[in-house]
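What you see is a predicted model; the values in this text were computed from it and never measured. Residue numbering restarts at 1 for every chain, and letters A, B, ... go by the order of the sequence lines.
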Amino acid sequence: GAVVSQHPSWVICKSGTSVKIECRSLDFQATTMFWYRQFPKQSLMLMATSNEGSKATYEQGVEKDKFLINHASLTLSTLTVTSAHPEDSSFYICSARGTGALHEQFFGPGTRLTVL
Amino acid sequence: GNSVTQMEGPVTLSEEAFLTINCTYTATGYPSLFWYVQYPGEGLQLLLKATKADDKGSNKGFEATYRKETTSFHLEKGSVQVSDSAVYFCALTRGAAGNKLTFGGGTRVLVKP
């Protein structure tokens, strides 16, 4: 149980286009989802926290207009990278938190974004 | 603010060798401490955790003890296998693991047959 998926697993796009990444909790309801960014050979940096049905809370230094987060249901959150540039190329990881015995973060496999 | 420092890798070992990955932290109050593992091409998985001082977390032969006096949570395994090759992250949170996690930089471990 407690499986989190991400789609796509990798994406290549042209500079200036927008890319949407989905994060789904497959077998539990996630009241909260977290979005992280991981640079090569570096640690995870929390970008934002999203609660179902409300606006995401962004970490300091993360542009909310650049990285749009929507958490429309208890099993789905999306991250849209708008007007992507090469410096946005990175590994994006989501995690989902349930309730009760599942009140911990379960991580997705990540999405590799390459902006040309 | 909270921070986690762990030894830089890569750490290269032979099979059946003893593994230690050092982790120290800075935090106010009484954080919970975690070790996550990221196998190649996969997401992070919780390996073990400890929620209060002197607790020992253990899983899959790995152990780590919450040492408040030295603010440390070192990861150990007595006899590693090739399948333990992965990146290991030390992390902390105030409260349960569902709260915001602060990660260390990660340590890549490579176990050779």
Tell me, side chain or backbone of B:Phe103 under 4.5 Å from chain A's heavy atoms, or both, or neither? both
How about A:Lys64: does its NZ atom have over 12 heavy atoms from other parts shown lying under 6.0 Å from it? no
Would you find more than 12 non-hydrogen atoms of other residues, nucleotides or ligands less than 6.0 Å from B:Glu8 atom CD? no
Quick one: do A:Phe91 and A:Val81 end up in the same hydrophobic cluster if we chain Ile, Leu, Val, Met, Phe, Trp and Tyr together by side-chain heavy atoms under 4.5 Å apart? no
When rounded to the nearest 0.5 angstrom, what distance separates CG in B:Leu101 from CG in A:Leu44? 9.5 Å
Please give me the minimum heavy-atom distance between A:Ser43 and B:Gly105, naming the atom from each residue. CB-CA, 3.6 Å
Please say yes or no: joined through hydrophobic side-chain contacts below 4.5 Å, possibly via intermediate residues, are A:Val11 and A:Trp35 part of one cluster? yes
Which atoms of A:Ile93 are under 4.5 Å from chain B, going by heavy atoms: the side chain, the backbone, both sets, or neither? side chain
Can you confirm whether A:Lys20 is buried at NZ, in the sense that more than 12 heavy atoms of other residues, nucleotides or ligands lie under 6.0 Å from that atom? no
Listed by number, the residues in residues 69-82 of chain B that come under 4.5 Å of chain A (heavy atom to heavy atom) are none
Portion of A:Gln6 that has a non-hydrogen atom of chain B nearer than 4.5 angstrom: neither
According to ring-ring contact (aromatic ring centres under 6.0 Å, His included), who are the partners of A:Phe107, at least two apart in sequence or on a separate chain? A:Tyr36, B:Tyr36
What distance separates A:Glu104 CD from B:Leu46 CG, expressed to the nearest 0.5 Å? 5.5 Å
Mind ranking B:Pro10, B:Gly104, B:Ala91, B:Gly106 by heavy-atom pairs under 4.5 Å with chain A and telling me who comes out on top? B:Gly104
For A:His7, is the NE2 atom crowded, meaning more than 12 foreign heavy atoms sit under 6.0 Å from it? no
A:Val19-A:Met33 co-clustered via ILVMFWY side chain contacts under 4.5 Å: no
B:Gln45 versus chain A, the contacting section by heavy-atom distance below 4.5 Å: neither
Kindly work out whether a path of hydrophobic side-chain contacts (I/L/V/M/F/W/Y, heavy atoms less than 4.5 Å apart) joins B:Leu48 to B:Val4. yes
Are A:Leu46 and A:Tyr58 in one and the same hydrophobic cluster, where Ile, Leu, Val, Met, Phe, Trp and Tyr link if side-chain heavy atoms are under 4.5 Å apart? no
